[in-house]
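Proteins get letters first, then strands, A, B, ... in listed order; numbering begins at 1 in each.
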Protein chains: 2
Amino acid sequence: MTKARKSLLAVLKEAVQPLSVADLVANPQIACNQATVYRSLRYLEQQGYVDSFVLHCTDHGTERYYCAVTEKSAHSHWFHCTVCHRFTDVGSCLLAEDLRRWESQYGFSITDHTFFLTGVCQTCKELTTSTG
Amino acid sequence: MTKARKSLLAVLKEAVQPLSVADLVANPQIACNQATVYRSLRYLEQQGYVDSFVLHCTDHGTERYYCAVTEKSAHSHWFHCTVCHRFTDVGSCLLAEDLRRWESQYGFSITDHTFFLTGVCQTCKELTTSTG
DNA sequence: CAGAATTTGCAAGTCATTCGCATTTTTTGC
DNA sequence: GCAAAAAATGCGAATGACTTGCAAATTCTG
Ligand SMILES: [Mn+2]
Ligand SMILES: [Mn+2]
Ligand SMILES: [Zn+2]
Ligand SMILES: [Zn+2]
């Protein structure tokens, strides 16, 4: 494990929410080129150290977000606030049995599923009503 | 409704699966510039005639896919085969009650959710086992 | 149908991500 | 440790989806 890869994994392990490449590059603990960030994240994901998903938000476009994989982080799903752009973990996947049902019903092999919520978080709702 | 917008909506209404801009531009029924396709799709979506989602697939990258909104098409979800890249409708959303629960549990206002499955479809599985 | 408002085509621009290649770092065999 | 081989890095250019400025064409309004 190289210095760049170690620092990326360390930052992702500390993070309380998924981080984009822009987030990582802006972090002073990450002292490597952006191309290295991309290459290292690909390596870390291939090795199973991190997980990622692609999210589109009108304000900041389409970006991939990364999370460290930990023993307990069993495939979480996220809510993304379209005002403050923070993520909230809404817990692990509730769809396991539906996935099996779809597999047998349609004959698929489901290797992955993408699920996330978007909307306005409580904090942003309160700010809007009190000052709007 | 202009000629470009009409033709796009007509093609999307006939389609049995979500179509990308590349799919639409390649369709001979669509005789307008790519910029017009993007602008028209944005218009159609704002007016509620079409729905879209962003999907990333290793083979062809990240693209937005569009579906016509019909009376009965109540917010379907899709399976995407990573071999043949076809979509299969897996039916309408099963998460309505979970969404309400998350909203009250976390104080969110959920305005949208993204959900899709990826894997290998039955046809591609059979082709793999018989010829591989 | 004229004039105003909107849409379109084209070419250039943006932004996340990738790639080629020379240089640096890490690993391997001794 | 140390030299050679292998892998990773930095940099700048390229890619691909999507957007935008602007002039020309189409559509709308009366
Ligand atoms: Mn956002
Ligand atoms: Mn695909
Ligand atoms: Zn918020
Ligand atoms: Zn298939």
Quick check on [N]: is either OP1 or OP2 less than 4.0 Å from any side-chain nitrogen or oxygen of [X]?
| X | N | value |
| --- | --- | --- |
| A/N33 | D/dT9 | no |
| A/T36 | D/dG10 | yes |
| B/Y38 | D/dT19 | no |

Distance in angstrom units between [X] [atom1] and [N] [atom2], rounded:
| X | N | atom1 | atom2 | value |
| --- | --- | --- | --- | --- |
| B/L44 | C/dT6 | CG | C1' | 15 Å |
| B/L24 | D/dA17 | CG | C1' | 14 Å |
| B/L19 | D/dA17 | CG | P | 15 Å |
| A/E45 | C/dT18 | CD | C1' | 16 Å |
| B/H56 | C/dA16 | NE2 | P | 16 Å |
| A/L41 | C/dA16 | CG | C1' | 13 Å |
| A/M1 | C/dT27 | CE | P | 11 Å |
| B/K6 | C/dT8 | NZ | P | 11 Å |

Restricting to non-hydrogen atoms, name the atom on A/L44 and the atom on A/M1 that form the minimum distance, rounded to 0.1 Å.
CD2-SD, 4.1 Å

Does A/A22 reach a base, just sugar-phosphate, or nothing at all? Heavy atoms under 4.0 Å.
nothing

What nucleic acid atoms does A/T62 come within less than 4.0 Å of, heavy atoms only: base, sugar-phosphate, or nothing?
sugar-phosphate

DNA chain D nearest-nucleotide lookup for B/T2 and B/Q34: closer to the 5′ end is B/Q34

On DNA chain D, compare the nucleotides closest to B/E63 and A/R39; which residue's is nearer the 5' end?
A/R39

Beyond-backbone contact of [X] with [Y], side-chain heavy atoms, under 4.5 angstrom:
| X | Y | result |
| --- | --- | --- |
| B/Y65 | B/W78 | no |
| A/L8 | A/L24 | yes |
| A/H113 | B/F115 | yes |

Nucleotide of [options] approaching [X] most closely (side-chain heavy atoms):
| X | options | result |
| --- | --- | --- |
| A/A35 | D/dC18, C/dA11, D/dG12 | D/dG12 |
| B/S40 | C/dC10, C/dT8, C/dC19 | C/dT8 |
| B/R64 | C/dG9, D/dT9, D/dC18 | D/dC18 |
| A/R5 | D/dT9, C/dG9, D/dC11 | D/dT9 |

Could you walk me through whether A/H60 and A/H80 satisfy the ring pair (Phe, Tyr, Trp, His ring centres under 6.0 Å) test, starting with their C-alpha distance in whole Å, then the side-chain angles of each, then the deciding distance to 0.1 Å, before giving a yes or no?
CA-CA 12 Å; A/H60 48 80; A/H80 179 74; 5.5 Å; yes

